[in-house]
Participant: 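After the structure tokens below, expect a handful of questions from me.
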Amino acid sequence: MKKIKELLKEASYWVLFTHVHPDADGMGSLLALHLALRERGKTTLPLVEGSPPSFLEFLHGFKDLVTPDRLPRDFPYSESVAVVLDLSEEERVGDLAPVLRRIPRRIVLDHHAQTGSPLPGEHYSDPTAPATALLVWRLLRELNWSVSPAVAENLYTGLYSDTGGFRFENTGEEAFVAAAEMVRCGARPSWVGEHLLENYPPVRFELLRRVLERREFLAGGRGVVSFLALEDFEELGGSPAEAEDLATFLRSMRGVEVSALVKELKPGEVGVSLRSRGSIDVARLAASEGGGGHRRAAGFRKRNLSLFEVLHRVKSKIEALLEE
């Protein structure tokens, strides 16, 4: 922590990363730190691998996000510090990995259990923390930096999302105390709740319709699996980001202990989102396929396999998991 605090105080140039297909915690944490650094006169480059998820457009600093096709050539990458948020393995950075390799100094902030080879750099990891947003919050407090309403609201969004609206089992006293302090700094719970939960584009509901039509139950209804193909996104004018967290919706059905959504992300690449409840550990399943995550929410990606090859693989894995 000491070295991380020194870097945050001293370094002038920063490049920020989060995982592919970012969620509210990864994106909220990244943009919160981006704004906090910029407020202190630092030069920052907040990166996102693909098109930023439209359902998170309400986050402060969203328009500052830079995609790989817009990378500035004259940015002093070799003089910068990279901050990797909400992941700790290089493969989860996706197409931005070559940029990350150009930056000699790195900070990794993550609340996931380690599943692969960790990135080199200064690590601040806490698998018991409910969200990476809470790690950023702790860090800002350790630095005695004032927290603007915009920074507080972005962090509140990440914390609210990764605790499932403060209902998941990872929600402890610290989460509520931190949330109260974020509100004191200017975060608006009703604003975040409305924009996070009641702000979906119409295409999401069309994708959900297809997911529900294709759902297949496993192990007598204890598992459920569905899928989306590239053609679905192309026909409906959407993207995989619009299907973010539909696996959680599948898990909400009574009797379901494990759910999975298999998505064709681009030609030759398939992503899998896994959700569970109770004692089922889907992070173990994801790790066996080169992915990672939490006990109740995890995922992985496969290349050079067809959508239906991955779907078959996932169904077999879930059935085996439920038989244990």
Side-chain angles (χ1 to χ4, degrees), residues 17-26 49 84-94 97 108 110-119 125-132 161-164 168-170 211 216 218-219 222-228 240-241 243-252 256-266 268-324:
F17 301 79
T18 189
H19 51 79
V20 295
H21 306 299
D23 56 8
D25 186 30
E49 187 211 31
V84 181
L85 297 119
D86 208 35
L87 73 148
S88 55
E89 299 92 9
E90 183 178 287
E91 57 266 23
R92 295 199 68 216
V93 181
V108 179
D110 189 25
H111 75 123
H112 296 90
Q114 186 70 52
T115 56
S117 301
L119 284 162
S125 300
D126 182 1
T128 68
T132 295
S161 176
D162 253 30
T163 57
F168 291 165
E169 59 192 18
N170 61 2
V211 166
E216 180 179 350
L218 308 172
R222 295 174 60 208
V224 61
V225 178
S226 191
F227 68 92
L228 290 167
E244 179 66 33
D245 217 29
L246 291 185
T248 302
F249 187 82
L250 290 174
R251 183 187 60 186
S252 69
V256 170
E257 296 176 45
V258 178
S259 65
L261 180 62
V262 181
K263 297 179 292 186
E264 194 173 14
L265 306 174
K266 51 189 174 184
E269 185 172 330
V270 179
V272 179
S273 296
L274 300 163
R275 299 292 183 269
S276 75
R277 68 170 94 213
S279 60
I280 305 292
D281 184 1
V282 290
R284 184 160 59 94
L285 191 162
S288 72
E289 296 292 338
H294 303 290
R295 185 181 189 87
R296 292 169 54 118
F300 62 91
R301 296 202 293 178
K302 285 293 179 185
R303 293 181 173 85
N304 303 317
L305 289 175
S306 73
L307 171 67
F308 293 103
E309 285 175 321
V310 176
L311 184 63
H312 176 74
R313 192 176 191 133
V314 168
K315 288 194 290 187
S316 299
K317 291 267 188 177
I318 289 177
E319 286 175 331
L321 191 63
L322 291 170
E323 286 173 3
E324 291 181 2

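Excluded from the calculations below are hydrogen atoms, water molecules and symmetry mates; all remaining heavy atoms, backbone and side chain alike, are included.
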Participant: How many angstroms lie between NE2 in His21 and CD in Glu244, if you round to the nearest 0.5 Å?
Facilitator: 8.5 Å
Participant: Check whether Ser273 reaches the backbone of Ala260 with its side chain - one donor and one acceptor, N or O, closer than 3.5 Å.
Facilitator: no
Participant: Is there a donor-acceptor contact under 3.5 Å from the side chain of Ser276 to the main chain of Arg295?
Facilitator: yes
Participant: Where do Leu285 and Lys317 come nearest, in terms of heavy atoms and distance?
Facilitator: CD1-CB, 3.8 Å
Participant: Would you sort out whether Leu119 and Ser88 count as a side chain to side chain contact (heavy atoms under 4.5 Å, CB included), showing the intermediate values?
Facilitator: CA-CA 6 Å; Leu119 284 162; Ser88 55; 5.7 Å; no
Participant: Could you grab the distance from atom CD of Glu49 to atom OG1 of Thr18, nearest 0.5 Å is fine?
Facilitator: 11.0 Å
Participant: Can you name the one residue among His294, Glu89, Arg92, His19 that meets side-chain hydrogen bond (donor to acceptor under 3.5 Å, both in side chains) with His112?
Facilitator: His294
Participant: If you measure from the Lys or Arg side-chain nitrogens to the Asp or Glu carboxylate oxygens, is any gap between Glu169 and Arg296 under 4.0 Å?
Facilitator: yes
Participant: Looking at every heavy atom in both Ile318 and Val225, which two are closest together, and how far apart are they?
Facilitator: CD1-CG2, 3.8 Å
Participant: Distance from Phe227 atom CZ to Leu307 atom CG, nearest 0.5 Å?
Facilitator: 6.5 Å
Participant: Taking all non-hydrogen atoms of both residues into account, name the closest pair between Ala286 and Gly299 and its distance.
Facilitator: CB-O, 3.5 Å
Participant: Under 4.0 Å between a side-chain nitrogen and a carboxylate oxygen: does that hold for Lys302 and Glu269?
Facilitator: no
Participant: Check step by step if side chain to side chain contact (heavy atoms under 4.5 Å, CB included) holds for Arg284 and Asp281.
Facilitator: CA-CA 6 Å; Arg284 184 160 59 94; Asp281 184 1; 3.9 Å; yes
Participant: What residues, two or more places apart in sequence or in another chain, satisfy side chain to side chain donor-acceptor pair (under 3.5 Å) together with Thr248?
Facilitator: Asp245, Arg275
Participant: What is the distance from atom NE2 of His312 to atom OG of Ser306, rounded to the nearest 0.5 Å?
Facilitator: 10.5 Å
Participant: List the steps and the verdict of side chain to side chain contact (heavy atoms under 4.5 Å, CB included) for Val258 and Val282.
Facilitator: CA-CA 8 Å; Val258 178; Val282 290; 4.0 Å; yes
Participant: Give me the atom names and distance for the closest heavy-atom approach of Val314 to Val262.
Facilitator: CG2-CG2, 4.2 Å
Participant: For Glu257, what residues pass the salt bridge (Lys or Arg N to Asp or Glu O under 4.0 Å) criterion, not counting sequence neighbours?
Facilitator: Arg222
Participant: Side chains of Val224 and Leu218, heavy atoms from C-beta outward: is any pair under 4.5 Å?
Facilitator: no
Participant: Kindly say whether Leu265 contributes a backbone atom to a donor-acceptor pair with the side chain of Arg301 at under 3.5 angstrom?
Facilitator: no
Participant: Would you say Phe249 and Val211 make side-chain contact, with heavy atoms under 4.5 Å?
Facilitator: no
Participant: How about Leu250 and Leu246: do any of their side-chain heavy atoms sit closer than 4.5 Å?
Facilitator: no
Participant: For Thr132 and His111, run side chain to side chain contact (heavy atoms under 4.5 Å, CB included): C-alpha distance rounded to whole Å, both residues' side-chain angles, the deciding distance at 0.1 Å, then the answer.
Facilitator: CA-CA 5 Å; Thr132 295; His111 75 123; 3.1 Å; yes
Participant: Using a 3.5 Å distance criterion without hydrogens, assess whether the side chain of Arg251 forms a donor-acceptor pair with backbone atoms of Arg277.
Facilitator: no
Participant: For the side chain of Asp86 and the backbone of Asp110, is there at least one donor-acceptor N/O pair under 3.5 Å apart?
Facilitator: no
Participant: Would you give the length of the straight line joining atom CZ of Phe168 to atom CG of Asp162, rounded to the nearest 0.5 angstrom?
Facilitator: 8.0 Å
Participant: How many angstroms lie between atom CG of Leu321 and atom OG of Ser316, to the nearest 0.5 angstrom?
Facilitator: 12.5 Å
Participant: What pair of heavy atoms forms the shortest contact from Ala283 to Ala298, and how long is it?
Facilitator: CA-CB, 3.7 Å
Participant: If I compare all heavy atoms of Ala97 with all of Glu90, which pair ends up nearest, and what's the gap?
Facilitator: CB-CG, 3.9 Å
